[in-house]
Amino acid sequence: MTEDTSSHEVLIITGMSGAGRSTVGNALEDLGWYVVDNLPPQMLRPLVELAGRAGSTLPKIAAVVDVRGGKLFSDLEQAVVSLRESASVRVLFLEATDAALVRRFEQVRRPHPLQGDGTLLDGIGAERQRMLSMRESSDMIIDTSDLNIHQLATTISETFATAQTPGLHLTLLSFGFKYGLPADADLVADMRFLPNPFWVPELRGLTGLDSEVSNYVLTQEGAEEFIDSYSHALEPVFAGYQRENKRHATIAIGCTGGKHRSVAVVEKLAGILRRQPGVAVSIKHRDLGRE
């Protein structure tokens, strides 16, 4: 049975070693692409066919194919021609000047894959010659000579993001200070300025997910004011995160035990932040159920 691959996007990333292929792969993963690094050209068709069997699970595939594949790399052009007959295929070529590539290799103190017994420039020159035909047939060429990793990631995001792609994946995390601060929190807010439902007998056994506790917490003096002000204060933060290509962030909301106040506030704040464009919000209650 032949798999339908016509609805799948396939991006082949190639180009000069040291020009930023890993950075591009990471940026695409953040955009929801399925990325495979250092794939032999002969494995491109099996990969695309596998995506066809997976259906909508793998709608966008990116494969990094380069000279690390040795003699296998010479089959890339023919593999691309063959794939274009049945799938939507684009080729992204990354290049940089000799000076930029030499600087990057010296920083990481690794030899060029084609250097052999020669110099670093010998390896770069050999790769340019081998890549010449592939460069000419590529759909997109990005010169990364003057781009740092953040600027390159931003360029990829702007090029390949869709209207449905969130610019920021935000996790709202409730927690209890008595169990320690979350190590991965980017921002922390403290709800211990609100009265603790723990001291209300009929609420003690409930959690912030119960309407009785939520109503109690959110109607306390200062609760709604804090939530409104905090949500507005986060707007320029989120915009800055996206400008700096920070795609994932965690905001931790704490109270004493992580059961009542922080849980109720996280649930309320999530509803507000989900209305912000370009932000995908998920919720995690770290310490719920520990008491």
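Considering only residues two or more places apart in sequence or on other chains, F177 meets the ring pair (Phe, Tyr, Trp, His ring centres under 6.0 Å) condition with F175. Applying the side-chain contact (heavy atoms from CB on, under 4.5 Å) rule to D122 yields the partners T119; only residues at least two apart in sequence or on another chain are considered. Scored by the side-chain contact (heavy atoms from CB on, under 4.5 Å) test, T97 finds A99, A100, S145 as partners (sequence neighbours excluded). Residues satisfying the side-chain hydrogen bond (donor to acceptor under 3.5 Å, both in side chains) criterion with T14, sequence neighbours excluded, are absent altogether. In terms of the salt bridge (Lys or Arg N to Asp or Glu O under 4.0 Å) criterion, residue partners of R84 (sequence neighbours excluded) are, by chain and number, D139. D228 pairs by the side-chain hydrogen bond (donor to acceptor under 3.5 Å, both in side chains) definition with nothing, not counting sequence neighbours. S17 is linked by a side-chain contact (heavy atoms from CB on, under 4.5 Å) to R21, V67, F105, H112, P113, E127, counting only residues two or more places apart in sequence or in another chain. Partners of T159 according to the side-chain contact (heavy atoms from CB on, under 4.5 Å) rule, which considers only residues two or more places apart in sequence or in another chain, are M140, T155. Evaluation of the salt bridge (Lys or Arg N to Asp or Glu O under 4.0 Å) rule for R192 yields D190 as partners, not counting sequence neighbours.
The ring-ring contact (aromatic ring centres under 6.0 Å, His included) contacts involving residues 239-291 comprise H169-H248, where partners must be two or more places apart or lie in separate chains. Listed by first and then second residue, the ring-ring contact (aromatic ring centres under 6.0 Å, His included) pairs involving residues 180-205 are F193-F226 (not counting sequence neighbours).
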Pair up each side-chain donor or acceptor in residues 250-259 with any protein partner under 3.5 Å, not counting sequence neighbours, and list the distances.
unit_1, atom_1, unit_2, atom_2, d
T256, OG1, R261, NH2, 3.0
K259, NZ, R204, O, 3.0

